[in-house]
Structure formats: C-alpha cells, structure tokens
Engineer: 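The structure that follows is given in the form of structure tokens.
Just so it is clear, the model here is predicted, and its values are computed rather than measured. Chain identifiers are assigned alphabetically (A, B, ...) following the order of the sequence lines, protein sequences preceding nucleic acid strands; residue numbering begins at 1 within each chain.
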Amino acid sequence: MKPKKQNADFLHVGEKLLAWYEISGRDLPFRKTKDPYKIWICEIIFQQTRIEQGLNHYKNFIKRFPDLETLANADTDEVLLYWKGLGYYSRALNLHKAAKQIIEDFNGKFPENYDDILKLKGVGKYTAAAISSICFNEKIPAVDGNFYRVLSRVFADDFDISNSKAFNYFSELALMMMPKNEAGHFNEAMMDLGSEICKPKNPKCEICPLNKNCIAFNTGNIQNFPVKSKKVKPTDLELTYYFVEFKDRFLIRQRNDGFIWKKLYEFPTEIPDEFENYITHQKTVNHKLTHKNLTIHFYKVSLNSKKGFEEFAVKNGFRISSQDDAALKSFPKSLENYLAENV
DNA sequence: AACGCGGGGTA
DNA sequence: TACCCAGCGTT
C-alpha cells in the first residue's frame, strides 16, 4: 500500500521543514542530549501526552532517576509516584520492567539499534524509531499523530489514519521526504510543526513553512484532513468506595494491575454489614475519562471502635493510612479529589 | 484488526 | 460537547 505521488518534490519539502526547525524548533530539555536513556524516558512520557502536561514530570523523573541503574533498582511504587497525574499507568510499569530488562538482557547497556530497542517493554514502532533516529542516526521516520496530520494535509491525502496500515503508509511517505543523515532532526521537526503550526484546530497556515507546498491549504481544504473514521466511545463504569476512618486514620490498598488505574491506591470497595450503621456521608461524583464515564459512589464510614477498624484492615489486607502517607500521592485523580475534601 | 487504557487542554 | 495528544499491549 505505497503512496502514489509520483510528481511531488518530496525531498525539497523535507529540507524546508528542516530549515524551519533549525530556526523555530522548540527549546526543550531533552533536545540537548543524545543520551538514549533520557530520550527513552521522554518518549514514553510523551506518548499521548502534550509537552506542557508532561514537562515537569520529565524533569522530576530524570532528577530522581538520572540513569538506568537508578531506575532499575527503584521500587515500583516510587516509579508510579513520579508518574502521578500522567495517566496510562502501564507506561510506568513497563518502563520499570524495561529498565530491568536492559540490565539483564543487554548487560546494562542501552540497546543501540532499532530492532533491539523495539524489544523493550512498552516500546513500539514509533518509540523505537524516535530513539534510534535521534540517538543513533538511523533513517527511520517516527510516525505519530503529528505525522498523520501534517502529511495528510500537505498531500491532501485521505488515507484513513484509523486504518492499521496508516503507520506503514505514512512511514513510506515520510521516508521519501527525509533528508540524508538528518533523521533525528527531521522527526523532531515534524513533531514541532505539528504541535506549533499544523495544529488539529486553527492551524497557523499563514506562517507555516510548508504552506506553498500544502495541497489542503491551497485548496481551502484543511478542515477535511486528516481523515479519521473510528471514534473512541467511552463506556459507563460505576464504582463504590468506602472511606473507612477511625479518628485521623483511614484505609487504603494498592490495586491489582486490572482494568483501570493499575497498581495505584484506592479505598475499600465493600464493607461488612455492621459498618453500615456508621455511614455518615454519601456523595456521588461523575468523572469523564477518555474511555470511561465514571460514576463513583463515596460513602464515609466513621468508626468508633479501634478494634473493629484494625481487625477489618488486617483481615482484608488494607493499610492503615494517614494524611501524610506517601502512598496517597499515588492515588488516581478522581479519588484524590474526594480525599482532599474529606480529610 | 479491534479494543482498552488517564488526564488535561482546546474550541 | 467532541476531539486530540511524541502509542502500546492484549486478544
């Protein structure tokens, strides 16, 4: 499924993009390094995450885990703590697994080619391309949402980006544009253009370095690209949590790695019948996530028996927590908000 | 090939 | 409200 564009001057467009990047590219902390560890961390953090949202997480993460060994030797809990608020928590778990994987399978040295990098947990084709092009100058386009948007507009290409073949299709297109020996900068340039100029809404076509080449722009057609047929539709999820307290102590536990909020902390989801009499408040909160419309029923249970409180905790594997418990920082936002109002 | 997975920003 | 974001793993 190769792109059929015989006459376009691909390389010329690629060089214009690169020239723009040299002058107008963003000044980001991870642009100053070719340390594959740091590039890897940044690529994982910025999967499905905008730069403004994840930049402080990146800085804090590198400060706490400055190298591979530090990360591999850290506790999973602490890795998750530094991931707080980023979402898609599998990324943090896979990141930690991959650090151990590099220690074991690659003798502690970060793999230096696309195929080996692709073997790492949580690293797919995009991320392997980004790391290998930026750090090791491999000529592989790092096709992400920015590539889809920019390329589909420049060539007014209606190839459906929901199609699972879109990655290969736009990779072929990008490869034809990529200037020799500049794969890393080309990939970064495409990301910056997509983020700063060729935005999903209200793109700044009048100052775009590619506007003379952009077919969608020159035919007044920008709003029709990219073509995306499949939409994400959230499902409803109803949860019940009990905030079980005795004086200033309350109960939390770590989740399993199940369907949502993997390994983060939560409150009890059920209580014994005799606790029902100690429910003092009830509140229902609605919260929209990308994939879930959450309805959370919170019940506040204020016990007056230390013995009953502790027995319930021990028997059901809960942790007796207080406000200064570091684990609280690893709560999902939706639960943390409740906590802030009630403790 | 289709689906599940967070949280936050923008219009 | 709908859509999007430096995607990946599972089934």
Engineer: Near DNA chain B, counting only heavy atoms under 4.0 Å, which residues of residues 177-190 of chain A show up?
Structural biologist: none

Engineer: Only pairs at least two apart or in different chains count here, so list each salt bridge (charged side-chain N to carboxylate O under 4.0 Å, His left out) that has a residue in residues 52-61 of chain A.
Structural biologist: A:R50-A:E52

Engineer: Residues two or more places apart in sequence or in another chain: which of them pass salt bridge (charged side-chain N to carboxylate O under 4.0 Å, His left out) with A:R149?
Structural biologist: none

Engineer: Polar atoms only, N or O, under 3.5 Å: list the protein pairs with nucleotides 9-11 of chain B and their distances.
Structural biologist:
{"unit_1": "B:dG9", "atom_1": "O4'", "unit_2": "A:R50", "atom_2": "NH2", "d": "2.6"}

Engineer: Taking only residues at least two apart or on different chains, which pairs with a member in residues 125-145 of chain A satisfy salt bridge (charged side-chain N to carboxylate O under 4.0 Å, His left out)?
Structural biologist: none

Engineer: Any side-chain N or O of A:T127 less than 4.0 Å from the OP1 or OP2 oxygen of C:dC8?
Structural biologist: yes

Engineer: Would you mind listing every salt bridge (charged side-chain N to carboxylate O under 4.0 Å, His left out) that reaches into residues 91-103 of chain A, with sequence neighbours excluded?
Structural biologist: none

Engineer: Do the side chain of A:T49 and the base of B:dG6 come within less than 3.5 angstrom through a donor-acceptor pair of N or O atoms?
Structural biologist: yes

Engineer: Using heavy atoms and a sub-4.0 Å distance, could you list which residues of residues 129-138 of chain A are near DNA chain B? By number, please.
Structural biologist: none

Engineer: Taking the nucleotide of DNA chain C with the closest heavy atom to each, which residue, A:K121 or A:P226, is nearer the 5' end?
Structural biologist: A:P226

Engineer: Under the salt bridge (charged side-chain N to carboxylate O under 4.0 Å, His left out) test, which residues partner A:E310, sequence neighbours left out?
Structural biologist: none

Engineer: Identify, residue by residue, the members of residues 87-94 of chain A with a heavy atom below 4.0 Å from DNA chain B, and return them in order of residue number, or none.
Structural biologist: A:G87, A:Y88, A:Y89, A:R91

Engineer: With sequence neighbours excluded, what pairs up with A:K262 under the salt bridge (charged side-chain N to carboxylate O under 4.0 Å, His left out) test?
Structural biologist: none

Engineer: Under 3.5 Å, sequence neighbours excluded: what are the donor-acceptor pairs made by side chains of residues 196-217 of chain A?
Structural biologist:
{"unit_1": "A:N211", "atom_1": "ND2", "unit_2": "A:C205", "atom_2": "O", "d": "3.1"}
{"unit_1": "A:N211", "atom_1": "ND2", "unit_2": "A:C208", "atom_2": "O", "d": "3.3"}
{"unit_1": "A:N213", "atom_1": "OD1", "unit_2": "A:K16", "atom_2": "NZ", "d": "2.7"}

Engineer: Partners of A:R31 by salt bridge (charged side-chain N to carboxylate O under 4.0 Å, His left out), sequence neighbours excluded?
Structural biologist: A:E188, A:D192

